[in-house]
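Some notes on the structure that comes next.
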Amino acid sequence: MTWQFTLSGLLIGLLVGMTGMGGGSLLTPILVIFFGFKPTLAVGTDVLHGAIFKSFGAVRHRRLGTVHARLTLWMFAGSGPMSLLGVAGATWLSHRSSTAENIEAYAVGAALVVGGSGLVAKTFIQRGVQPSDDPFLLERRDKVIAVLLGATCGFVVGLTSVGSGTFFGLVMVLVYPLTLPKIVGTDIFHAAALLWVAGAGHLVAGNVDLHAMSWLLLGSIPGVLLTSQLTLRLPDRALRLGLATVLMLSGVKLVNLPGADWIVLAGFIVGGIVFTAWGVHELRARRAEERRQLATDLTLS
């Protein structure tokens, strides 16, 4: 089974390129639900894949000057060590009974539901984004928040692989006076550094399928490079909301709530209806705009 991994990696790469780094959270549920990976192995493979994958974006943002280096360092002071504690927790669960493995699946599922909700919030909340790129000097309060944020989310990332592209960016929007490019760049650069630490921990613990990861990278890297070159106007908000819905439904499936299959089915049906209606609305709006433009051109001629 190789081309299936590459196809899945391509899907992840395309989603990340179109929606931001939150698309990477979809890899763990794909590995568990469709490829039958044990949750801990899926988490470790996802984390190390993300470390390599997100490094491309991190280098690009660093060159563009869209990384707040000091804020990244303070967040990493908390997230790096605590991610290893999360790795230790995941490894401990994997060496216990199947019941303990189910606990890991529940943890991943719960993180996906919360992560999907966070992605919805991140899509709409813009109140803290600054219009100008004025220098932002960290005060003591800012450093404490950064370390606490890093420690909390770093543990969750090490345990479940979920959150490196959602929680940090959301909190930065709410707390720190940064421009949107600086928020995105700092988020991605920190995520890459964090995932290298957690990924190395999972690799040492034997929680990484290197064969699967290699084939995933074969699809994901070209996918994100392809979408980064697109000049088409993509429906960013709709894509983010669609991804958030899939993440939450995947979480419900992994948690295995009573009637989970019916909830997932209903979610996809409702989502399909909503996006179909949205597509029809956009198509009508586009045609109306074309008619107005044509009428204007005729009037001028």
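Computation of the quantities below employed the complete heavy-atom set of this structure, encompassing side-chain atoms and omitting hydrogens, waters and symmetry-equivalent molecules. None of these values were measured; they are calculated from a predicted model.
Going from atom CZ of Arg63 over to atom NE2 of His61 covers 12.5 Å, rounded to the nearest 0.5 Å. Going from atom CG of Asp209 over to atom CG of Leu31 covers 8.5 Å, rounded to the nearest 0.5 Å. Considering CH2 of Trp215 and CH2 of Trp3, their distance stands at 12.5 Å, rounded to 0.5 Å. For the atom pair CG of Leu48 and OG of Ser161, the computed distance is 12.0 Å after rounding to the nearest 0.5 Å.
The side-chain heavy atoms of Glu289 and Arg291, taken from C-beta on, include no pair separated by under 4.5 Å. Using a 4.5 Å cut-off on side-chain heavy atoms (C-beta onward), Ile30 and Leu11 make contact. Trp196 is listed as a side-chain neighbour of Ser55, based on a closest heavy-atom distance under 4.5 Å. Residues Ile52 and Met213 are in side-chain contact: their nearest non-hydrogen atoms beyond the backbone lie under 4.5 Å apart.
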Which donor-acceptor pairs under 3.5 Å do side chains of residues 139-152 form with protein atoms, sequence neighbours excluded?
from   : atom 1 : to     : atom 2 : distance (Å)
Asp142 : OD2    : Glu139 : N      : 3.0
Thr152 : OG1    : Leu148 : O      : 2.9

Return a table of donor-acceptor pairs under 3.5 angstrom between the side chains of residues 77-91 and protein atoms on other chains or two or more places apart.
from  : atom 1 : to     : atom 2 : distance (Å)
Ser79 : OG     : Met75  : O      : 3.2
Ser79 : OG     : His190 : NE2    : 2.8
Ser83 : OG     : Ser79  : O      : 3.3
Ser83 : OG     : Gly80  : O      : 2.7
Thr91 : OG1    : Val87  : O      : 2.8
Thr91 : OG1    : Asn207 : ND2    : 2.9

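Panel note: side chain Thr66, backbone Lys182; no donor-acceptor pair is recorded below 3.5 Å. A donor-acceptor pair is defined here as one N or O able to donate and one able to accept, closer than 3.5 Å; no such pair exists between the side chain of Ser220 and the backbone of Ile12.
Leu195 pairs in a side chain to side chain contact (heavy atoms under 4.5 Å, CB included) with only one of the listed residues (His49, Lys54, His202), which is Lys54.
Chaining together hydrophobic side chains whose heavy atoms lie under 4.5 Å apart places Phe189 alongside Val67.
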